[in-house]
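Notes for the one structure printed next.
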Amino acid sequence: MTALLKVSKATDIGLVRRLNEDSILCTPQDVFVVADGMGGHVAGEIASHIFTGTVNKRLSAGEMVLNQDGLRKLVADGNEAILDSIKKYPERDGMGTTATMLHIEGKTAFWAHVGDSRLYLLRQGDIKQITNDHTYVAELVANGSISTAQAEEHPKRNMLVRAVGVDDTVEVDTGQIEIETGDIFLLCSDGLTNMVTLPAIQAVLETDGCDDKALSLMDVAKAGGGLDNISAIVVEYYEK
């Protein structure tokens with residue numbers, strides 16, 4: 001039995017922003033990354049590209065075990081690279097990025113996550129968010145201070161409480177999932193999830209004959225307003 005991955009990827013500036021601060025990466029090692037930069041003007045764009053560039057460089061050098069610890073180390077390396085850039089260019093102080101990563105190895109998916117980009121798994125008609133948002137509002141929902149509905153309208157709903165490139169060390173969520181044939185993973189920035197409902201996202205992922213589901217998600221997000229940069233990587237797992 002042979003395992004196959006079908007991957008589609010897309011990133012778009014959206015309809016409002018002047019810069020695309022998102023950066024995405026798909027590597028020959030089956031590592032997939034979505035990074036959403038923050039810091040305004042050029043700095044956010046730089047932070048996300050430093051992160052994906054660092055990951056790509058480390059992977060190209062080889063000799064990495066890409067389990068949960070390996071992905072956590074990649075995030076730490078990206079964190080260090082962003083901080084080094086800020087030391088060299090002080091005007092970049094305050095920049096940072098989210099980081100959501102997925103690695104497929106055999107029938108196991110390893111993931112790592114910081115920030116409010118997201119990883120979803122669609123399995124047998126059920127879509128589930130794997131990652132937790134590291135935002136002020138998500139913490140309020142978790143401790144029962146506000147409802148999910150109130151969170152969607154909260155003025156601080158996009159305030160991150162954890163990001164890459166902000167502190168000397170970064171806390172990274174990690175995990176692993178045993179894959180089943182037909183599983184579909186989605187990594188995306190909040191420019192998608194803030195514009196498109198989860199049922200609408202699921203409908204695109206379940207569309208038979210769609211050759212580029214990531215691009216289709218871009219189109220749906222822009223049709224919904226396209227208020228932010230939009231990025232998505234769709235990874236479909238099959239066996240035959």
Side-chain angles (χ1 to χ4, degrees), residues 1-11 23-35 51-52 54-78 98-134 164 170-189 192-193 198-199 201-217 231-240:
M1 188 171 291
T2 303
L4 299 173
L5 295 181
K6 181 180 180 181
V7 179
S8 61
K9 61 179 180 177
T11 184
S23 182
I24 62 176
L25 177 68
C26 301
T27 77
Q29 297 88 356
D30 293 330
V31 173
F32 310 97
V33 185
V34 167
F51 183 80
T52 54
T54 300
V55 170
N56 196 39
K57 181 179 179 180
R58 296 290 189 271
L59 292 174
S60 297
E63 299 182 0
M64 286 203 67
V65 178
L66 293 173
N67 53 17
Q68 294 183 54
D69 289 338
L71 294 183
R72 189 181 293 111
K73 178 62 166 61
L74 285 172
V75 176
D77 289 344
T98 70
T100 300
M101 306 177 65
L102 175 72
H103 170 55
I104 305 293
E105 185 169 320
K107 296 197 66 172
T108 304
F110 299 96
W111 59 269
H113 168 71
V114 180
D116 65 349
S117 297
R118 292 177 178 177
L119 173 65
Y120 290 94
L121 169 61
L122 174 61
R123 173 178 290 173
Q124 296 180 359
D126 180 41
I127 191 166
K128 178 182 178 182
Q129 182 178 336
I130 302 301
T131 53
N132 293 318
D133 295 345
H134 299 140
V164 181
V170 57
E171 183 181 354
V172 185
D173 293 350
T174 63
Q176 67 184 69
I177 301 165
E178 294 308 305
I179 310 173
E180 298 179 5
T181 188
D183 281 355
I184 301 177
F185 292 93
L186 168 65
L187 300 86
C188 61
S189 62
L192 175 65
T193 52
L198 194 55
I201 290 173
Q202 180 173 347
V204 172
L205 296 179
E206 290 180 330
T207 301
D208 291 332
C210 180
D211 292 330
D212 197 330
K213 292 179 179 178
L215 186 59
S216 294
L217 289 169
S231 293
I233 301 173
V234 178
V235 182
E236 304 176 65
Y237 178 91
Y238 298 102
E239 295 175 349
K240 73 172 189 177

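Just so you know, these numbers use all the heavy atoms, side chains as well, and skip hydrogens, waters and symmetry mates. Only a predicted model underlies this, so the values are computations on that prediction, with no experimental measurement involved. Residue indices begin at 1 and follow the sequence shown.
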Find out whether Val234 and Leu217 are in side-chain contact, i.e. whether some heavy atom of one side chain is under 4.5 Å from a heavy atom of the other. yes
Within a radius of less than 6.0 Å around NZ of Lys57, do more than 12 heavy atoms belonging to other residues, nucleotides or ligands occur? no
Can you find a heavy atom in the side chain of Leu74 that is under 4.5 Å from one in the side chain of Leu66? yes
What distance do Tyr238 atom OH and Leu4 atom CG have between them, rounded to the nearest 0.5 Å? 10.0 Å
Could you tell me whether the side chain of Lys213 reaches within less than 4.5 Å of the side chain of Ile184, counting heavy atoms only? yes
SB check Lys73 Asp77 (cutoff 4.0 Å): yes
Nearest non-hydrogen partners of Ile179 and Gly106, listed with the distance: CD1-O, 4.3 Å
Candidates Leu119, Thr100, Ile233 - the one meeting side-chain contact (heavy atoms from CB on, under 4.5 Å) with Phe32: Ile233
What distance do Asp183 atom CG and Leu121 atom CG have between them, rounded to the nearest 0.5 Å? 5.0 Å
What closest approach, in Å, do Val172 and Ala112 show between heavy atoms, and which atom pair accounts for it? CG1-CB, 3.9 Å
Quick one: do Asp126 and Arg123 make a salt bridge, cutoff under 4.0 Å? no
Would you call Leu122 and Leu186 a side-chain contact if the rule is heavy atoms closer than 4.5 Å? no
Determine whether Arg118 and Asp133 satisfy the following criterion, side-chain contact (heavy atoms from CB on, under 4.5 Å), listing intermediate values before the conclusion. CA-CA 7 Å; Arg118 292 177 178 177; Asp133 295 345; 2.6 Å; yes
Please report the shortest heavy-atom distance between Ser189 and Val34, naming the atom on each side. N-CG1, 3.9 Å
At their closest point, which heavy atom of Gln176 faces which heavy atom of Phe110, and how far apart are they? OE1-CE2, 3.4 Å
Option among His134, Gln68, His113 that satisfies the side-chain hydrogen bond (donor to acceptor under 3.5 Å, both in side chains) test with Asp173: His134
Between Ser117 and Ala35, is there a donor-acceptor pair closer than 3.5 Å when you use the side chain of the first and the backbone of the second? no
Identified side-chain contact (heavy atoms from CB on, under 4.5 Å) partner of Phe51 from the options Thr98, Val164, Leu25, Asn56: Val164
Rounded to the nearest 0.5 Å, the CD1 atom of Ile24 sits from the NZ atom of Lys9 at a distance of 6.0 Å
Just so I know, are the side chains of Trp111 and Ile177 near enough to count as touching, which here means a heavy-atom distance under 4.5 Å? yes
As an exercise, state the distance from CG of Leu205 to OG of Ser216, rounded to the nearest 0.5 Å. 9.5 Å
About how many Å separate CE of Met101 and OG1 of Thr27, when rounded to the nearest 0.5 Å? 8.5 Å
From Tyr120 OH over to Thr193 OG1, what is the distance, rounded to the nearest 0.5 angstrom? 5.0 Å
Please report the closest heavy-atom contact between Ala214 and Ser8, naming both atoms and the distance. N-OG, 3.2 Å
